[in-house]
Q: 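Following this message is one structure expressed as structure tokens.
Residue numbering restarts at 1 for every chain, and letters A, B, ... go by the order of the sequence lines.
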There are 2 protein chains.
Amino acid sequence: MAAQAPERGGEVRRRLLEAAALLIGERGWTAVSTRVLAERAGVAPGLVHYHFHSLPALLREAAITAMRGVLAEAAPPRPGPGGAPDVLDAFLSVLDRYSGDDPGSLLFIEAYLAATRDGELRAELAGLLAQVRDALAARLAEAGQAEPETTASVLAAALDGLFLHRALNPELTAAAVGPVLRRLITTDGGAEAPEGEPA
Amino acid sequence: MAAQAPERGGEVRRRLLEAAALLIGERGWTAVSTRVLAERAGVAPGLVHYHFHSLPALLREAAITAMRGVLAEAAPPRPGPGGAPDVLDAFLSVLDRYSGDDPGSLLFIEAYLAATRDGELRAELAGLLAQVRDALAARLAEAGQAEPETTASVLAAALDGLFLHRALNPELTAAAVGPVLRRLITTDGGAEAPEGEPA
DNA sequence: GAAGCTATTGGACGAACGCCCAAGGAGTCA
DNA sequence: TGACTCCTTGGGCGTTCGTCCAATAGCTTC
């Protein structure tokens with residue numbers, strides 16, 4: 001049942017990263033310990049420092065990896081099958097997919113906070129955020145949005161802020177805030193969206 | 001120099017709360033320990049559990065107290081002397097007053113996160129947030145804003161989200177995002193603002 | 001001055017922490 | 001079969017954690 005030698009280690013490494021991403025959301029970044037992490041991953045405590053050179057390094061990699069995964073599934077670069085839905089609707093749909101106090105949502109907030117105390121993490125997160133913002137800005141620009149970059153930045157910040165507030169105010173559903181956020185989208189401004197998609 | 005007996009304790013209590021509010025922002029909620037807290041406050045470690053029944057209770061009280069203070073000074077119920085400035089400008093001015101990675105800003109985010117793991121804190125924070133939201137909604141309604149409550153909720157969430165993102169993207173100044181956020185404010189909708197302020 | 005009270009000190013307690021390492025299991029190749 | 005490599009185990013190291021407490025200081029009231 002055991003995999004090949006060079007693969008066995010990779011599997012444990014992966015399990016540790018997955019467990020870390022969950023525990024960051026459950027306990028908070030600074031409250032994830034090597035022992036609970038190993039126990040959650042179902043491995044011996046010593047393995048943590050065999051596969052990773054330190055706990056902060058593990059948490060960094062776990063957060064970045066998990067966040068890339070969530071973003072890839074929540075906001076695919078090209079909209080899924082069935083044609084392109086409204087940009088804002090697609091953007092807001094994640095609000096109903098995550099409650100604001102689940103490990104997935106909290107991982108993002110915890111990572112933002114940890115980045116203020118870890119320069120390396122901050123650089124990686126800044127790149128990730130810029131990537132998301134640029135992708136959103138491009139789709140907004142296609143639709144003729146005025147100031148697409150700033151609008152995208154504000155939309156991204158508003159989304160994370162809504163996650164933050166949603167744990168305290170469950171009324172902040174996509175249906176409730178959608179009409180208000182739609183005011184950010186200008187339709188009178190620039191050029192219309194091109195008829196045929198570039199690619 | 002020492003104050004009266006019933007006052008001496010109160011002074012130490014206050015110093016502990018102030019130190020805790022700073023340390024929450026600096027180190028993170030779960031990384032504030034009794035010893036560094038006592039050292040920062042300039043008192044013996046044993047005093048922490050003399051004045052507070054547990055560390056979580058101390059952090060809870062420190063966060064709520066400090067947040068009330070920040071909100072009172074950042075957003076007074078009635079605008080300061082010199083007449084009422086634009087609602088959004090006053091609202092956004094705090095963006096330039098806090099950088100996003102200072103203890104003051106981080107305290108808010110840390111408290112939101114801690115609230116997802118502490119029901120008592122969650123209840124208190126929900127009340128605080130509702131208070132801020134209602135005050136903002138009232139001022140928006142005065143100005144004839146459509147959907148003032150939801151608009152206020154979205155504005156408050158966007159502001160906190162901008163703090164969160166600002167540590168990763170320093171371009172998010174009030175001047176940059178102000179024009180975009182202003183789109184949330186509808187001027188065509190409801191009644192005009194009354195000519196004379198009610199009080 | 002004695003009694004009584006609150007505030008404060010500094011250290012003890014067991015538990016958990018991050019990190020490290022000697023020892024051994026398990027697979028591959030000569 | 002023996003050498004070699006990678007992976008895994010379980011516990012030890014010194015430190016720090018939250019909490020508690022006996023002893024003491026400073027003040028108020030008799």
Q: Are the side chain of B:Arg133 and the backbone of B:Thr151 linked by a donor-acceptor contact shorter than 3.5 Å?
A: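 Checked: no pair found.
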Q: Can you tell me the distance, in whole Å, between the CG atom of B:Leu58 and the P atom of D:dG18?
A: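 Taking atom P of D:dG18 as the reference, CG of B:Leu58 is at 11 Å.
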Q: At less than 4.0 Å, is any side-chain N or O atom of A:Ser33 found next to OP1 or OP2 of C:dC17? Yes or no.
A: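 Yes, such a contact exists.
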Q: What does B:Thr34 touch in the nucleic acid at a heavy-atom separation under 4.0 angstrom: a base, only the sugar-phosphate, or nothing?
A: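 Base, at least one base atom sits under 4.0 Å.
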Q: Using OP1 and OP2 only, check whether a side-chain N or O of B:His51 sits under 4.0 Å from C:dT6.
A: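 No, because none of the side-chain N or O atoms of B:His51 sits under 4.0 Å from OP1 or OP2 of C:dT6.
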Q: Mind calculating the distance between CG (B:Leu59) and C1' (D:dT19) to the nearest angstrom?
A: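 So the CG-C1' distance, B:Leu59 to D:dT19, works out to 15 Å.
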Q: Tell me: CD of A:Glu39 to P of D:dT8, nearest whole Å?
A: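 Interatomic distance, CD of A:Glu39 to P of D:dT8: 18 Å.
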Q: Checking contacts here: which listed nucleotide (C:dC17, D:dT9, D:dC6) is nearest the side-chain heavy atoms of A:Leu47?
A: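 Between C:dC17, D:dT9, D:dC6, the one nearest the side chain of A:Leu47 would be D:dT9.
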Q: Of the candidate nucleotides D:dT19, D:dC7, C:dC19, which contains the atom at the shortest distance from the side chain of A:Pro56?
A: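 So the side chain of A:Pro56 is nearest to C:dC19.
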Q: A:Leu55 CG to C:dC20 C1': how many Å, rounded?
A: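 Answer to the nearest Å: 15 Å.
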Q: Roughly how many Å is it from CG in B:Leu16 to P in C:dT9, rounded to a whole number?
A: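 It works out to 11 Å between those atoms.
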Q: Tell me which of A:Arg35 and A:Val43 sits closer to the 5' end of DNA chain D, going by the nucleotide each one is nearest to.
A: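 By nearest-heavy-atom nucleotide position, the 5'-most residue is A:Val43.
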Q: Membership question, hydrophobic clusters at under 4.5 Å side-chain separation (ILVMFWY): are A:Leu22 and A:Leu47 in the same one?
A: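 Not linked; separate clusters.
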Q: Starting at atom OH of B:Tyr50, determine the distance to atom C1' of C:dA7, rounded to an integer number of angstrom.
A: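 After rounding, the gap between these two atoms is 5 Å.
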Q: Nearest whole angstrom, please: distance from the C1' of D:dG10 to the NE2 of A:His49.
A: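 Computing the A:His49:NE2 to D:dG10:C1' distance gives 16 Å.
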Q: B:Pro45 has a side chain; which of C:dG10, C:dT6, D:dC17 sits nearest to it?
A: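 Looking only at heavy atoms from C-beta outward on B:Pro45, the closest nucleotide is C:dG10.
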Q: Treating A:Thr186 as the side-chain partner and A:Ala146 as the backbone partner, does any N or O pair qualify as donor plus acceptor under 3.5 Å?
A: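 Side chain of A:Thr186 to backbone of A:Ala146, a donor-acceptor pair under 3.5 Å: yes, one is there.
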Q: Taking CG from B:Leu37 and C1' from D:dT19, how many angstroms apart are they, rounded to a whole number?
A: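 Value for this atom pair: 14 Å.
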Q: In terms of the nearest nucleotide of DNA chain C, which residue is placed more toward the 5' end: A:Gly46 or A:Arg27?
A: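 Whichever sits nearer the 5' end wins; that is A:Arg27.
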Q: Could you tell me the separation between the OG1 atom of A:Thr116 and the CG atom of B:Leu168, rounded to the nearest 0.5 Å?
A: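 Between atom OG1 of A:Thr116 and atom CG of B:Leu168 there are 9.0 Å.
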Q: Of the listed nucleotides (C:dT8, C:dT9, D:dT19), which one gets closest to any side-chain atom of B:Ala44?
A: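 Of the candidates, C:dT9 comes closest.
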Q: Would a 4.5 Å heavy-atom cut-off, applied to side chains only, mark B:Gln131 and B:Arg68 as touching?
A: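 Answer yes - side chains close enough.
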